[in-house]
Structures are given as C-alpha cells and as structure tokens.
Amino acid sequence: MAGLLLAAGAARRFGADKRRARLADGRTLLEASLANAAATFDELLVVIRAGETLDDLHLPPQVRVLCTPHAERGLGASLAAGVAALSAHPGDALAVLLGDMPWIRPQTYAQLIGAADDQRIVQPWHADRPGHPVVFGRAFWPALCALDGDEGARRLISRDAGHYLRLSVDDPGILQDVDHPTDLDERMAPAAPSTRLPVRS
C-alpha cells in the first residue's frame, strides 16, 4: 500500500513552520511523523510546497517528494496532486497521512493495511472519535484527484457511507495532531523507530 503524507500547509495557527518544530528526542515534527509511517508503507510520497527541497526540511534523500504549486489553494488541492502522482502505484489502496501526527503506532498502520481493499474507505476510531490516517481504496482515487481548495475528503467519506469501515484501534495517537506549540509541550515525544526507511526514490 502507498502512503501519502501531506506537509504543504501554512500552519497559521502554530505561528511558525511547525514541520521544523523539535520534539524532545531532537527530531523535527515532520521527521518523526515520516519515520513512523515509512516503516510500514511500501511507498511513501511527501507533498511539500513548491520551491522546497529535502534539505530544507532535513529529510533523508531516499524519500520521494512532490513539490506542489497548488499548496496555497488548500488541503484539497495538495491531496489531489498527491493522489494523481501516485496513480501508477499498483496497490489497491492508499493512506492519507498528515505531517503533524508522529504519535501513531506502527501496529495501527498495520491494522489499517489489513482492513483495506480497493472498494473501501477505512478510518481508525479511538474513544468514539474518528482519526487519521484514512485509507482510500483505488475506486475512490478519481474522486480524490478532483478535490480542490481547502476541502479535504470529508464529503467523500459521507457520500460513500456504504463503503465506509470504522476500525476501532487502541491508539490515542490517531487523534493527536499539532495545531499550537502547546500541543508539543503536553505530549511526550515518540521513540525513534529502529527500522530503516524503506521508501523508494
């Protein structure tokens, strides 16, 4: 399965580039989010802003990136560009991840992969709340490619409720993103995974 990690947002609520914010273990927020995901997915594409490079964000050279010129149009535009770039991937599904969620456990990713198929949307739930990442079967990729502006895939999930699977997981990390600097202060940094990044360039 492919993973699509969105990291092209402006982070206006954070007040600075939160992708570079440091966790207690010294890694940036984006590095930590990327490492946990890359240990699971056979291909991982990171969407960043036009003009940025791997060096700008201190990412390893084997990571595949997409510099989108549409980042200013919003989340939906970045998501559509990323899905289009992954259209040649042979997998039946892709997971849409956010670049500010480093606390998701590897076993949660494995559960999502195990529940996915090409005709299904799978979303993890914890404590009766929906979280991330959301997995979209290949049947929904054309609809994702048609997104634009700041609208994500929420309407798509509602529209295709008959194909939606609510997956209960024992992982509060699916609910923990970072919107403000205090969100980092309130949470412990995840341990750095020992698995080498298996992402193809």
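Side-chain contact between F41 and I113: present, with at least one pair of heavy atoms (C-beta onward) separated by less than 4.5 Å. Contact of the D171 side chain with the P124 side chain is not registered, since no non-hydrogen atoms from C-beta on lie closer than 4.5 Å. For the pair L57 and T28, the minimum side-chain heavy-atom distance is 4.5 Å or more. Side-chain contact check for L167 versus Q111: some heavy-atom pair is nearer than 4.5 Å. You'll find the side chain of C67 reaches within 4.5 Å of the side chain of I48, heavy atoms only. The shortest distance between side-chain heavy atoms of L66 and L86 does not fall below 4.5 Å. The closest side-chain heavy-atom distance from S158 to Y164 is not below 4.5 Å. Using a 4.5 Å heavy-atom threshold, the side chains of V178 and W103 count as touching.
Judged purely by atom type and a 3.5 angstrom limit, H163 has no side-chain atom pairing as donor or acceptor with the backbone of I121. A donor-acceptor pair under 3.5 Å is formed between the side chain of H126 and the backbone N or O of V169. Remark: the backbone N or O of L165 is not paired with any side-chain donor or acceptor of Q123 at under 3.5 angstrom. Distance alone, capped at 3.5 Å, places no donor-acceptor pair between the H180 side chain and the T182 backbone. Under the 3.5 Å distance criterion, the side-chain polar atoms of S168 are left unmatched by any main-chain donor or acceptor of W125.
Closest approach of A21 to F14, counting heavy atoms only: CB-CZ, 3.9 Å. Contact between A8 and T68 at its shortest, heavy atoms only, is CB-CG2, 4.3 Å. Closest approach of P133 and I104 over heavy atoms only: CD-CD1, 3.8 Å. Of all non-hydrogen atoms in S33 and P102, the two that sit nearest each other are OG-N, 3.3 Å. For V47 against G82, the heavy-atom pair with the smallest separation is CG2-CA, 4.0 Å. Between H70 and A77, the shortest heavy-atom contact is O-CB, 3.6 Å.
Note that CG of L75 is 11.0 Å distant from CG of D148, once rounded to the nearest 0.5 Å. The CG atom of L98 sits 7.5 Å away from the CG atom of L5 when rounded to the nearest 0.5 Å. Considering CG of L94 and CG of L144, their distance stands at 6.5 Å, rounded to 0.5 Å. With rounding to the nearest 0.5 angstrom, the CE atom of M101 is 7.5 Å from the CD1 atom of I174. The CZ atom of R64 sits 12.5 Å away from atom CG of L54, with the distance rounded to the nearest 0.5 Å. A distance of 4.5 Å separates CG in D160 from CZ in F140, rounded to the nearest 0.5 Å.
Between L97 and the choices N36, L6, L44, the side-chain contact (heavy atoms from CB on, under 4.5 Å) rule is met once, by L44.
Side-chain contact check for H89 and D42: at least one donor-acceptor pair (N or O, by modelled atom type) lies under 3.5 Å.
The salt bridge (Lys or Arg N to Asp or Glu O under 4.0 Å) contacts involving residues 118-142 comprise D117-R120, D128-R166, where partners must be two or more places apart or lie in separate chains.
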### Query
After noting the C-alpha distance and the side-chain angles of D183 and D177, does the key distance pass the side chain to side chain contact (heavy atoms under 4.5 Å, CB included) rule?
CA-CA 8 Å; D183 294 331; D177 62 348; 5.5 Å; no
### Message
Would F136 and V83 count as a side chain to side chain contact (heavy atoms under 4.5 Å, CB included) here? Give the steps.
### Response
CA-CA 10 Å; F136 293 89; V83 175; over 6 Å; no
#### Entry: E31/L29 under side chain to side chain contact (heavy atoms under 4.5 Å, CB included): CA gap, chis, key distance, verdict
CA-CA 6 Å; E31 285 176 310; L29 180 60; over 6 Å; no
### Task
Could you go through the side chain to side chain contact (heavy atoms under 4.5 Å, CB included) check for T40 and M1 one step at a time?
CA-CA 9 Å; T40 305; M1 181 191 294; over 6 Å; no
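The environment of R20 atom CZ is dense: over 12 non-hydrogen atoms of other residues, nucleotides or ligands sit within 6.0 angstrom.
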